[in-house]
Q: 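A single structure is presented below for examination.
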Amino acid sequence: MEATESTENVTSAIKLFTREEVSKHNDSKETWLIIHNGVYDVTKFLNEHPGGEEVLIEQAGRDSTEPFEDVGHSRDAREMMIPYKIGELVEAERTKESDKKSRDLASGHDDDDSSGSWRSWLIPIALGVLATLVYRYFITTH
Ligand code: HEM
């Protein structure tokens, strides 16, 4: 988000809300949700939601990050929600959880694993090479 000046300019129109402000939009006429510190107005999405409008109205005005993730929404669903974003939570009221999650995802879990398996191969290969060299040494000198 804070990556470059130009991104900052594009996103500078983003409005900041407190949890209290969001909580006032808690019915089917104004359905706002907090998901991963973003504020979404899903009022127009209610009857398009494949999971039904009930669940969204139930969560209206609240932080629905957990139920949203529990459902295991698809990548499509995550893209679908972008146009409904109307802002973000004020800095002081954000949860660190989503940061942690994205850091976990970005931290190269795979890298650790692959370097681990690399290392586990390295020792047997080195031993094999060493054994070959020792063997050849004996063959040529005796
Ligand atoms: C803007 C926010 C949301 C969008 C764009 C969205 C979109 C979708 C989409 C596209 C699906 C179909 C399955 C998939 O592609 O994952 C779905 C299913 C569902 N969603 Fe959401 N959703 C949103 C928020 C929520 C929230 C806050 C809840 C909270 C409980 C919820 C509960 C469900 C349920 C229960 C299903 C049905 C899952 C199933 O039938 O297996 N959704 N949603």
Q: Test side chain to side chain contact (heavy atoms under 4.5 Å, CB included) on R75 and E79; report intermediate values, then the result.
A: CA-CA 6 Å; R75 192 176 285 250; E79 276 168 19; 4.1 Å; yes

Q: Go through the structure and list residues passing side chain to side chain contact (heavy atoms under 4.5 Å, CB included) with S74, not counting sequence neighbours.
A: D76, A77

Q: Honestly curious: do L133 and I125 fall in one hydrophobic cluster under the side-chain, below-4.5 Å linking rule?
A: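 Yes, because L133 and I125 connect within a single hydrophobic cluster, where side-chain heavy atoms sit under 4.5 Å apart.
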
Q: Is the shortest heavy-atom distance from the side chain of E48 to the side chain of E53 under 4.5 Å?
A: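 No. Closest side-chain heavy atoms not under 4.5 Å.
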
Q: Hydrophobic clusters join Ile, Leu, Val, Met, Phe, Trp and Tyr when side-chain heavy atoms are under 4.5 Å apart, directly or via other members; which others share one with L89?
A: F17, V22, W32, I34, V39, I86

Q: So with a 6.0 Å cut-off around CD of E20, is the heavy-atom count from everything else above 12?
A: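 Counting neighbours around CD of E20, 12 or fewer heavy atoms of other residues, nucleotides or ligands fall under 6.0 Å, so no.
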
Q: Does one side chain, of D41 or T31, offer a donor that lies under 3.5 Å from an acceptor on the other?
A: no

Q: Let me check something: any side-chain donor-acceptor pairs from residues 54-63 under 3.5 Å, sequence neighbours excluded? List them with distances.
A:
{"unit_1": "R62", "atom_1": "NH2", "unit_2": "E58", "atom_2": "O", "d": "3.4"}
{"unit_1": "D63", "atom_1": "OD1", "unit_2": "T65", "atom_2": "N", "d": "3.0"}
{"unit_1": "D63", "atom_1": "OD1", "unit_2": "T65", "atom_2": "OG1", "d": "2.5"}
{"unit_1": "D63", "atom_1": "OD2", "unit_2": "R19", "atom_2": "NH1", "d": "3.0"}

Q: Quick one: closest heavy-atom pair of F45 and M80, and the distance?
A: CE1-SD, 3.8 Å

Q: For E21 and T18, indicate whether the former's side chain and the latter's backbone hold a donor-acceptor pair under 3.5 Å.
A: yes

Q: Measure the NZ-CG distance between K85 and L33 for me, rounded to the nearest 0.5 Å.
A: 13.0 Å

Q: Side chain to side chain contact (heavy atoms under 4.5 Å, CB included) between H49 and V42: does it pass, once the steps are laid out?
A: CA-CA 9 Å; H49 184 221; V42 293; over 6 Å; no

Q: Go through the steps to decide whether R94 and E88 satisfy the test side chain to side chain contact (heavy atoms under 4.5 Å, CB included), and finish with yes or no.
A: CA-CA 9 Å; R94 293 183 194 179; E88 285 175 4; 3.4 Å; yes

Q: Indicate the atoms forming the closest heavy-atom contact of I35 with Y40, along with that distance.
A: O-CE1, 3.5 Å

